[in-house]
Q: 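Sending over a structure as structure tokens; questions will come in a sec.
Only heavy atoms go into these numbers, but all of them, side chains included; no hydrogens, no water, no symmetry mates.
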Amino acid sequence: MRYDLVIFDNDGVLVDSEPISNRLLAGYLTELGHPTSYEDSLRDYMGGAMHRVHDLVLERTGRRLPSDFDDVFHGRVFAAFERELEPVPGAVDVLEKLAADGVAYCVASSGSHERIRTGHRKTGLDRWFDGERIFSSQDVGRGKPAPDLFLYAAERMGVAPERCAVVEDSPLGVRAAVAAGMDVYGFTAMTPADKLAGATRLFGDMGELADLVLA
């Protein structure tokens with residue numbers, strides 16, 4: 001099937017940010033008295049919006065995170081991005097092929113607009129994404145695994161959900177795309193394939209993606 005729109009998740013799909021952000025999130029939660037390993041962070045929070053962190057900590061401990069938690073965490077993440085962040089290998093090649101083939105694309109991320117733009121600027125992906133192609137969980141009431149963000153992105157881009165392909169690397173994102181009625185391509189570079197079992201197709205190398213969605 002040839003798609004009219006390819007919707008990319010951002011963290012772990014376009015920018016190689018998941019190792020950085022989950023390391024920092026685990027460390028910060030542990031500092032605050034909520035012992036969290038890197039593996040715990042990947043399992044519980046990868047692909048989710050920040051409210052998921054607050055909700056799970058409150059549910060498990062009965063304690064709220066500090067009011068400045070998001071600001072402190074994002075400050076640490078953005079500083080680390082400046083030092084370490086790189087694009088996911090093969091991401092630029094995929095964008096080049098989609099553009100050359102005239103297939104529309106956008107990004108729909110659980111991250112804030114500031115986080116998306118910071119990562120794109122640092123990695124040079126900003127040349128591929130103007131403001132009309134960037135959608136954040138900030139734009140909708142519910143983040144992934146709810147389908148709202150993907151449905152909103154498709155509506156704004158003027159494409160029916162069934163004509164969209166989503167590229168995701170998290171179980172939450174796969175669930176959201178399936179709930180939106182979209183095909184979803186599960187990227188297994190960081191996530192075990194069995195965790196993305198609901199995906200339409202699985203792939204492990206971003207260099208494979210263009211052939212899959214442009215077929």
Side-chain angles (χ1 to χ4, degrees), residues 5-18 20-22 24-25 28-29 41-59 64-65 67-78 81 85 88 91 105-123 125-126 128-157 159 161 164-182 184-187 190-191 195-196 198-199:
L5 175 65
V6 178
I7 304 175
F8 290 92
D9 176 42
N10 190 56
D11 294 294
V13 170
L14 293 173
V15 297
D16 196 14
S17 54
E18 293 291 10
I20 298 170
S21 58
N22 282 282
L24 293 171
L25 180 57
Y28 189 26
L29 288 172
S41 184
L42 290 175
R43 181 194 66 224
D44 293 339
Y45 305 121
M46 181 174 164
M50 286 302 295
H51 69 76
R52 180 176 176 83
V53 182
H54 291 265
D55 292 346
L56 282 182
V57 169
L58 179 61
E59 176 185 318
R64 295 187 182 277
L65 291 170
S67 59
D68 65 348
F69 179 87
D70 291 12
D71 290 339
V72 172
F73 173 64
H74 284 132
R76 295 182 184 188
V77 168
F78 295 163
F81 279 4
L85 189 63
V88 167
Y105 62 88
C106 65
V107 60
S109 171
S110 292
S112 66
H113 279 281
E114 183 183 12
R115 178 184 173 119
I116 298 166
R117 292 176 185 278
T118 298
H120 285 187
R121 177 183 54 75
K122 173 59 173 64
T123 58
L125 292 179
D126 53 345
W128 297 99
F129 292 95
D130 58 29
E132 301 302 312
R133 296 178 188 263
I134 296 176
F135 305 100
S136 161
S137 61
Q138 290 178 312
D139 301 326
V140 295
R142 299 181 299 167
K144 306 169 189 178
D148 304 37
L149 176 57
F150 290 137
L151 292 172
Y152 176 74
E155 179 183 10
R156 288 288 302 274
M157 296 292 291
V159 178
C164 298
V166 173
V167 187
E168 266 287 354
D169 70 332
S170 75
L172 293 175
V174 168
R175 286 167 55 193
V178 171
M182 301 175 179
V184 54
Y185 291 78
F187 185 39
M190 278 195 61
T191 308
K195 301 294 185 184
L196 304 178

Q: Atom CZ of Phe129 and atom CZ of Phe8: how far apart are they, to the nearest 0.5 Å?
A: 6.0 Å
Q: Kindly assign one of parallel, tilted or perpendicular to the pair Phe73 and Phe69, based on the angle between their ring planes and the thresholds 30° and 60°.
A: parallel
Q: Rounded to the nearest 0.5 Å, how far apart are SG of Cys106 and CD of Glu132?
A: 11.0 Å
Q: Pick one: which of Asp44, Leu29, Asp70 meets side-chain contact (heavy atoms from CB on, under 4.5 Å) with Val53?
A: Leu29
Q: Taking side chain as C-beta onward, heavy atoms only, is Leu172 less than 4.5 Å from Arg52?
A: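 The answer is yes; the side chains approach within 4.5 Å.
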Q: Quick one: does Tyr45's side chain have a donor or acceptor within less than 3.5 Å of a partner on Leu56's backbone?
A: no
Q: Looking at Ser110 and Gly47, would you say the former's side chain and the latter's main chain have a donor-acceptor pair under 3.5 Å?
A: yes
Q: Please round to the nearest 0.5 Å and tell me the distance separating atom CG of Asp9 and atom CG of Asp169.
A: 5.5 Å
Q: Side chains of Val15 and Asn10: does their closest heavy-atom pair fall under 4.5 Å?
A: yes
Q: Any side-chain heavy-atom pair from Arg115 and Thr118 closer than 4.5 angstrom?
A: no
Q: So, does Arg175 use its side chain to make a donor-acceptor pair with the main chain of Lys144 at under 3.5 Å?
A: no
Q: Within the 4.5 Å heavy-atom criterion, are Val88 and Phe187 side-chain neighbours or not?
A: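 Yes, their side chains come closer than 4.5 Å.
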Q: Would you kindly say whether Asp11 and Ser17 are connected by a side-chain donor-acceptor distance under 3.5 Å?
A: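 Present: a donor and an acceptor within the cut-off.
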Q: List the atom of Ala154, the atom of Cys164, and the distance in Å for their closest heavy-atom pair.
A: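 Minimum heavy-atom contact is CB-SG, 3.9 Å.
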Q: Verify, without hydrogens or angle tests, whether Ser109 (side chain) and Ser136 (backbone) share a donor-acceptor contact under 3.5 angstrom.
A: no
Q: If I compare all heavy atoms of Ala165 with all of Tyr185, which pair ends up nearest, and what's the gap?
A: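 So the two residues come closest at CB-CE1, 3.9 Å.
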Q: So, do Leu196 and Pro171 sit near enough that their side-chain heavy atoms are less than 4.5 Å apart?
A: yes
Q: When rounded to the nearest 0.5 angstrom, what is the spacing between CG in Asp126 and CZ in Arg121?
A: 8.0 Å
Q: Phe135 and Ala153: which non-hydrogen atoms are nearest, and at how many Å?
A: CD1-CB, 3.6 Å
Q: Evaluate the criterion side chain to side chain contact (heavy atoms under 4.5 Å, CB included) for residue pair Met157 and Ile7; output intermediate values, then yes/no.
A: CA-CA 10 Å; Met157 296 292 291; Ile7 304 175; over 6 Å; no
Q: Compute both the distance and the angle, then confirm whether Arg76 meets the cation-pi test with Tyr28: under 6.0 Å from the six-membered ring centre, within 45 degrees of the axis.
A: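 Ring-cation test returns yes.
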Q: Is Glu168 reaching over with its side chain to a backbone N or O of Val184, donor-acceptor style, under 3.5 angstrom?
A: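 Such a contact is absent between Glu168 side chain and Val184 backbone.
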Q: How about CZ on Arg156, more than 12 heavy atoms from neighbouring residues, nucleotides or ligands closer than 6.0 Å, or not?
A: no
Q: Closest heavy-atom contact between Gly198 and Val178?
A: O-CG2, 3.6 Å
Q: CG of Leu24 to CZ of Phe81: how many Å apart, nearest 0.5 Å?
A: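 The CG atom of Leu24 sits 8.5 Å away from the CZ atom of Phe81.
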Q: Got a second to check how far His113's NE2 is from Ser137's OG, nearest 0.5 Å?
A: 8.5 Å
Q: Could you report the tightest heavy-atom contact between Ile116 and Gly111, atom names first, then the distance?
A: CD1-O, 3.8 Å
Q: Give the minimum heavy-atom separation between Thr191 and Lys195, together with the two atoms involved.
A: CG2-CB, 3.7 Å
